[in-house]
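Quick note: residue numbers are just sequence positions, from 1. Basis for what follows: all heavy atoms, side chains included, without hydrogens, waters or symmetry-related copies.
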Amino acid sequence: MRVPRLRQPASSAPDRSHLVAALSKVPPPSDAAFPQAIRAVVEAYPDPEPLLRAVLDDHAIRRRSRFAALYALLLRLRREERHAEYASVVRDHDDEFGAEPYFHTFRAIVARAKGDLASLRSSVEYSRQAVASMPDVAAVIHQLAAFWVEYLERLEDPGPARDLDEVERHIDRAITLTQGRVAHYYETKGRVLALRGEFEAARAAVAQAIELEPRDSRDHLRRLSQYQSSRIRIDLMQERARWAQAHARFRTELTEFKGQQLQLLGLLAAVVAFIATASNIASQSAGVEGLRLMLVASGAIAVVFGTFSLVNNSRVRRVIAAVVIGCAMIGAGMFVPASWMS
């Protein structure tokens, strides 16, 4: 007996038509509300990728709706970190949509995914072009700030202060344009503050991002993981800053110690020469005069070494005692009558 064939499920055309209708209602790409509107449309579908690809491949659909589908598809791929597919989709649609201002942001994301420092710098430049074309779109401004922060974090030496100032101006503007409602903008703000060395303020900004993150968003867990990573990064940066300060202090102290040792060696050489000269002169003088000369020489040496010991943070009492004894010996040699020494 032949098994009857099961009927195939109905076509997804109604779903696609519903998606097309939803995409046609989003604001134009030049509108600041465009990114959030696209996210709201995508959130309504458990698995929107097949529908988005179908809309994108159907050239009978309006170009504006197809570009919205492209943006939504790339958003999906980026969320899932499918970087190779993301770059492939961008290349495939560069000829058709490459003149769109938003396409600079797509190119920036492709460059950033490569991971090397030069590509990160390219992603910053692409993002600059996007901001120049859409200066009032918070998402575009934030992307420039986020990629620039990531580039500065990768540098071995801290970035120039003017770069940090400009990045902070961008992120503050993005926060202002969204009236402080977008959580992950504060996480980027915290990373900027950490680069400035303001670690407590950086932690407060990340805590604010965690507080503002919507609990019903698909990105909730991913964002929380990102914020926790930023917290750990801030802690590591603070420890690295402490280590760098300690290292710099140690190098300074070592340099000062070397200088002190060189000074001491020079002083010892001078004292040896002085003693040799004084002994030579004393040997050629009469008994009392030679004794006076040796007392003056011994006293001078005591004063010099007592004074020099201040450099090595010796106790003041010991220094005073050495100086007093040295001065007494010099006085005895110079002013005590010869009859007292006989």
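Listed by chain and number, the residues in a side-chain contact (heavy atoms from CB on, under 4.5 Å) with Ser133 are Pro101, His104 (sequence neighbours excluded). In terms of the salt bridge (charged side-chain N to carboxylate O under 4.0 Å, His left out) criterion, residue partners of Glu43 (sequence neighbours excluded) are, by chain and number, Arg79, Arg218. With sequence neighbours excluded, no residue forms a side chain to side chain donor-acceptor pair (under 3.5 Å) with Thr178. Listed by chain and number, the residues in a salt bridge (charged side-chain N to carboxylate O under 4.0 Å, His left out) with Arg64 amount to none (sequence neighbours excluded). Here His184 pairs with His142 under the ring pair (Phe, Tyr, Trp, His ring centres under 6.0 Å) rule; sequence neighbours left out. Qualifying side-chain contact (heavy atoms from CB on, under 4.5 Å) partners for Thr176, counting only residues two or more places apart in sequence or in other chains: none. With sequence neighbours left out, Asp94 forms a side-chain contact (heavy atoms from CB on, under 4.5 Å) with Phe103, Arg107. For Arg251, there are no side chain to side chain donor-acceptor pair (under 3.5 Å) partners two or more places apart in sequence or in a different chain. In this structure, the side-chain contact (heavy atoms from CB on, under 4.5 Å) partners of Val20, at least two apart in sequence or on a different chain, are Arg16, Val55, Ile61.
For residues 67-78, every residue pair satisfying the salt bridge (charged side-chain N to carboxylate O under 4.0 Å, His left out) rule, not counting sequence neighbours, is listed here: Asp47-Arg76, Arg76-Glu80. For residues 31-54, the ring pair (Phe, Tyr, Trp, His ring centres under 6.0 Å) pairs, not counting sequence neighbours, are Phe34-Tyr71, Phe34-Tyr102.
Glu168 CD to Leu195 CG: the interatomic distance, rounded to the nearest 0.5 Å, is 10.5 Å.
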Identify every side-chain donor-acceptor pair in residues 206-215 under 3.5 Å, counting partners at least two apart or on other chains, and give the distances.
| unit_1 | atom_1 | unit_2 | atom_2 | d |
| --- | --- | --- | --- | --- |
| Glu213 | OE1 | Tyr227 | OH | 2.7 |
| Arg215 | NH1 | Glu213 | O | 2.5 |

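Taking the charged nitrogens against the carboxylate oxygens, Arg162 and Glu166 have no contact shorter than 4.0 Å, which rules out a salt bridge. Between Asp116 and Arg121 no salt bridge is recorded (no basic side-chain N to carboxylate O distance below 4.0 Å).
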